[in-house]
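Accompanying notes for the structure given below.
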Amino acid sequence: MSDSPRNPTLIGSVQRALRLLDTVGSSNSPVTAKQLARQTGLAMPTTYHLLRTLVHEGYLHKLSEGYVLGERVNALQTRSTPQTTVAQLSPTLHRLRDELSAAVYLASFDDGEIVLMDVADGPKTPRVDLWADFRDAAHATAIGKSLLSSVDSETQRDYLSRHPLVGLTPRTITDKWRLMHTLPNAGEVAVDEGEYSLNTACIAAPLCTPSLVGTLAVSVPEYRFDSVMSMRTRLASAAKSAALTLTV
């Protein structure tokens, strides 16, 4: 029989391990194996087997008095991963897509490269045709210009030394000096009018936190260029709010 929402396949061992973690986490002091077995209703052999596994993986730590939560649990609580960033900001992207009637993008500058983290689009708000890799197209995209304007000059030079300024359309800036002098000032919105893809306009606002160099962008057909430019204030406001969300 195939699984359905009414009859999902559940992994019993995972459920039992999570019960142990919940029990340890809810206690104000270390918990012994016998206490855990009694409180969770698990057999002692099963309890010991799961506890050894959880300790080995770093989710529990064994003291002389009993078990406490391990470093891996603390890391999950405090570390901001790309997945958690996307999960936190996905509602913002979809809300902006519907409000602005435009595809919305979240991108970041990570380890010297551009990473397109998430896109909120739809039948009425299609994303730009990603025919050229964004990692090599910072010079031709509002997203890339926004990210380059948010990093220091040494990082800018490093990126541009590894990524030639290829002409993607007749409007693409391929002169490094000209590009550097057309980057937006820190905190300002970047613009791409047909430089990455003809007949497409895009703007991007910086979204930066102590742990993220990012940008929030929208794209529309070029005939809506005036419309997209009128979105600058709203996009910048949304990017600032998103940065606050991640920081908090």
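Each residue takes its place number in the sequence, starting with 1. It should be emphasised that the depicted structure is a prediction, and the values quoted were computed from it without experimental measurement.
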Open item on the list: Take a 6.0 Å sphere around CZ of R232 and say whether it holds more than 12 heavy atoms from other residues, nucleotides or ligands.
Closed with: no
- [ ] Measure the shortest side-chain to side-chain distance between T172 and T169 over non-hydrogen atoms and say whether it is less than 4.5 angstrom.
- [x] yes
Open item on the list: Between T47 and R16, is the side-chain contact (heavy atoms from CB on, under 4.5 Å) condition met? List the steps.
Closed with: CA-CA 9 Å; T47 301; R16 290 188 285 273; over 6 Å; no
- [ ] Compare all side-chain heavy atoms of L106 with those of L207 and state whether any distance is below 4.5 angstrom.
- [x] yes
Task: Atom of D121, atom of T125 and distance for their closest heavy-atom approach - done: CB-O, 3.1 Å
Task: Minimum heavy-atom distance S146-A204, with the two atoms named - done: CB-CB, 3.8 Å
TODO: Would you kindly confirm whether W131 and I114 end up in one hydrophobic cluster when ILVMFWY residues are joined by side chain heavy atoms under 4.5 Å apart?
DONE: yes
Open item on the list: Test side-chain contact (heavy atoms from CB on, under 4.5 Å) on L130 and L116; report intermediate values, then the result.
Closed with: CA-CA 11 Å; L130 303 177; L116 186 60; 3.9 Å; yes
Open item on the list: Grouping I, L, V, M, F, W and Y whenever their side-chain heavy atoms are under 4.5 Å apart, do L63 and L69 come out in a common cluster?
Closed with: no
Task: Straight-line distance of K176 NZ to M180 CE, nearest 0.5 Å - done: 9.0 Å
Task: For the student: nearest non-hydrogen atoms of H163 and E113, plus distance - done: NE2-OE1, 3.0 Å
Open item on the list: For R135, I'd like to know if atom CZ has over 12 heavy atoms of other residues, nucleotides or ligands within 6.0 Å.
Closed with: no
Open item on the list: In terms of relative ring orientation, are Y196 and F134 parallel, tilted or perpendicular, with 30° and 60° separating the classes?
Closed with: perpendicular
- [ ] Show your reasoning for whether side-chain contact (heavy atoms from CB on, under 4.5 Å) applies to V104 and V119.
- [x] CA-CA 6 Å; V104 183; V119 183; over 6 Å; no
Task: Side-chain donor-acceptor contact under 3.5 Å, Q35 with T32 - done: yes
Open item on the list: Taking the side chain as everything from C-beta on, heavy atoms only, tell me whether P170 gets closer than 4.5 Å to L198.
Closed with: yes
Open item on the list: Between L235 and I203, is there a side-chain heavy-atom distance shorter than 4.5 Å?
Closed with: yes
TODO: Please examine the side chains of L216 and L96, heavy atoms only from C-beta on, and report whether any two atoms are closer than 4.5 Å.
DONE: yes
- [ ] Could you walk me through whether K145 and E188 pass salt bridge (Lys or Arg N to Asp or Glu O under 4.0 Å), step by step?
- [x] CA-CA 11 Å; K145 294 176 187 178; E188 293 183 351; over 6 Å; no
Task: Minimum side-chain heavy-atom gap V68-L60 below 4.5 Å - done: no
TODO: Could you check T155 against D152 for side-chain hydrogen bond (donor to acceptor under 3.5 Å, both in side chains), going step by step and ending with a plain yes or no?
DONE: CA-CA 5 Å; T155 304; D152 57 54; 2.8 Å; yes
TODO: Please name the pair of heavy atoms, one in A17 and one in L54, separated by the smallest distance, quoted to 0.1 Å.
DONE: O-CD1, 4.0 Å
Task: Interatomic spacing from CZ in R178 to CD1 in I173 - rounded to 0.5 Å - done: 4.5 Å
TODO: Mind listing the closest non-hydrogen atom pair of A137 and Y159 along with its distance?
DONE: N-OH, 3.6 Å
- [ ] Treat each ILVMFWY residue as a node, draw an edge where side-chain heavy atoms are under 4.5 Å apart, and state whether L18 and V55 are in one component.
- [x] yes
TODO: Test side-chain hydrogen bond (donor to acceptor under 3.5 Å, both in side chains) on H139 and E195 and set out the steps.
DONE: CA-CA 9 Å; H139 64 295; E195 296 171 48; over 6 Å; no
Open item on the list: Using only atom types and a distance under 3.5 Å, with no angle test, would you say the side chain of T215 pairs donor to acceptor with the backbone of A205?
Closed with: yes
Open item on the list: Let me check something: do Y105 and F225 share a hydrophobic cluster, defined by ILVMFWY side-chain heavy atoms less than 4.5 Å apart, either directly or through other members?
Closed with: no
Open item on the list: Could you report the tightest heavy-atom contact between V189 and P184, atom names first, then the distance?
Closed with: O-CB, 3.8 Å
TODO: State the CG-CE distance between D110 and M117, to the nearest 0.5 angstrom.
DONE: 8.0 Å
Open item on the list: Grouping I, L, V, M, F, W and Y whenever their side-chain heavy atoms are under 4.5 Å apart, do I143 and V151 come out in a common cluster?
Closed with: yes
Open item on the list: Heavy-atom count check: over 12 atoms from other residues, nucleotides or ligands less than 6.0 Å from H49 NE2?
Closed with: no
Open item on the list: Using 0.5 Å steps for rounding, measure from the CG atom of L51 to the OG1 atom of T46.
Closed with: 10.5 Å
Task: Side-chain heavy-atom pair L20, L42 within 4.5 angstrom cut-off - done: yes
Open item on the list: For E154, I'd like to know if atom CD has over 12 heavy atoms of other residues, nucleotides or ligands within 6.0 Å.
Closed with: no
TODO: Taking the side chain as every heavy atom from C-beta outward, state whether M229 and V191 have any atom pair closer than 4.5 Å.
DONE: yes
